[in-house]
Amino acid sequence: MIRVRVQVADFDLKEETDALLAAAAEAGAVASFLGVVRSTAARPIAALTLEHYPAMTQPALEAIAAEAQRRFDLLGCTVIHRVGRLLPGARIVLVLAAARHRQAALDGTGYLIDWLKTGAPFWKSEELPDGTTRWVEAREEDAEASARW
Amino acid sequence: MIRVRVQVADFDLKEETDALLAAAAEAGAVASFLGVVRSTAARPIAALTLEHYPAMTQPALEAIAAEAQRRFDLLGCTVIHRVGRLLPGARIVLVLAAARHRQAALDGTGYLIDWLKTGAPFWKSEELPDGTTRWVEAREEDAEASARW
Amino acid sequence: MTKPVTILYFAWVRERVGAGEEEVTLPQGVDTVAALVAWLRGRSPGHDAAFASPALVRAAVNQVFARQDTAVGAGDEVAFFPPVTGG
Amino acid sequence: MTKPVTILYFAWVRERVGAGEEEVTLPQGVDTVAALVAWLRGRSPGHDAAFASPALVRAAVNQVFARQDTAVGAGDEVAFFPPVTGG
């Protein structure tokens, strides 16, 4: 089962994992990736705003999830991506992959998050402590990470 | 922060993740691995019992976690392994790794679960539907998985 | 009557253009992403600034990532945006 | 008086030996894991069965994984078990 959601609201890791496992009979492993808004002493931010392309986001995420499911023979996967303004420490994105064995679950999770970063229409804008904003630039290493699969 | 527990009781994925993140300032990523008792139509089991070597388990897990923390520069990690008799679908093991960026979190999680399988003194016994029991045999591919790190 | 093309802009491309969406009727010969970009640049200084570094702007046609030579025609939805930064 | 050695058995090694723990006083010359295994095999048919395929039995000395040539001495805790299957 593939579940993909784009939402403003937060999500609950335990609920999502339970729902995935309930629908993934014969699963022995669930791997996950949780991304959170990062603000550091060296590079503090006040908030992060995620913009997206609504008509394209859902089909793009579904295509990425379907490819992960096929490649790693997953028993199910979940992708939840938040949009809107988020404060430091807030959850941004959750990826879950259920499989019979651990390597498929881990690989499926890595594939999903790598492709979310380079293949889905989201853009991040950082709000600095002084109130100015700047668009986060895409990183070359993200393109390399998704290209290696 | 490294947290390692061996316990009979179940654990809560959300609580553990929240506790890890609360202690891992500047984390941007948490990856996890959750192992559950697997019973399949082709190979049904009634229960799985985990035996361990109490005096050795805790230090062995702490050593594995400390090495993961060092290698992948993790901001924190959690390892919880259950022991005793577990029914199909029950959670067995949880690994969490928090890091600044996603690749370290994912690699730390993979390293931890691979080494848990080959470097910690646990033994699994399966109870079949007819009441007989058999010890699960170690798999060659598990040794290869941990050796690749 | 030729159906218009819907153009969408996201992130800093949207900010430079000064609008998130517009409808345009394509003149004869504007039938690829590259030709559309060249034509859009003449619409305003904001448009021109948005496409000043073409390598930094990505496109999608009808919600699918597109290349410079991807065909564009009446009734399509074409989006322009910086490299994505989700996840 | 020489201090005894504590021997622990786990999983099917424990089942074959018929006990999870015993204390033994090592005779002269039994000072490695390999020598201890050879000596333990003579204690009962169950011990002998447990170590019938030495390659299948792993050991730890004082809670650290050991090899066949790891030293064993008075006061040590030595554990024998099959390859681990946790996780």
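Below, all heavy atoms of this structure are taken into account, side chains as well, without hydrogens, waters or symmetry copies. In the text below, chain A, chain B and the rest are named by the order of the sequence lines, each starting its count at 1. Here the structure is a predicted model, which is why all the values come from computation and not from measurement.
The shortest distance between side-chain heavy atoms of I113(A) and L106(B) falls below 4.5 Å. L21(A) is listed as a side-chain neighbour of V36(B), based on a closest heavy-atom distance under 4.5 Å.
Contacts of D142(A) with chain B are made by both backbone and side-chain atoms, with heavy-atom separations under 4.5 Å. For R100(A), the parts lying near chain B are the backbone and the side chain together; criterion is any non-hydrogen pair under 4.5 Å. Interface residue A41(A): backbone and side-chain heavy atoms are both found under 4.5 Å from chain B. Only the side chain of T17(B) comes within contact range of chain A, judged by heavy atoms closer than 4.5 Å.
Applying the side chain to side chain contact (heavy atoms under 4.5 Å, CB included) test to R148(A) and every residue at least two apart in sequence or in another chain returns D114(A), A145(A), Q103(B).
Residue L116(B) holds its CG atom at 9.5 Å from CZ of R102(A), rounded to the nearest 0.5 Å. Here OG of S32(B) is found 7.5 Å from CG of L96(A). Values are rounded to the nearest 0.5 Å.
Ionic pairing of D18(A) and K14(B) is not present here: no N-O contact between side-chain nitrogen and carboxylate oxygen is shorter than 4.0 angstrom.
Applying the 6.0 Å contact sphere to CD of Q7(A) captures more than 12 heavy atoms from other residues, nucleotides or ligands.
Of all residues spanning residues 53-63 of chain B, none has a heavy atom less than 4.5 Å away from chain A's heavy atoms.
With respect to chain B, the highest number of heavy-atom pairs below 4.5 Å among E26(A), R91(A), E15(A) belongs to E26(A).
The backbone N or O of A27(A) lies less than 3.5 Å from no partner atom in the side chain of R38(B), so there is not a single donor-acceptor pair.
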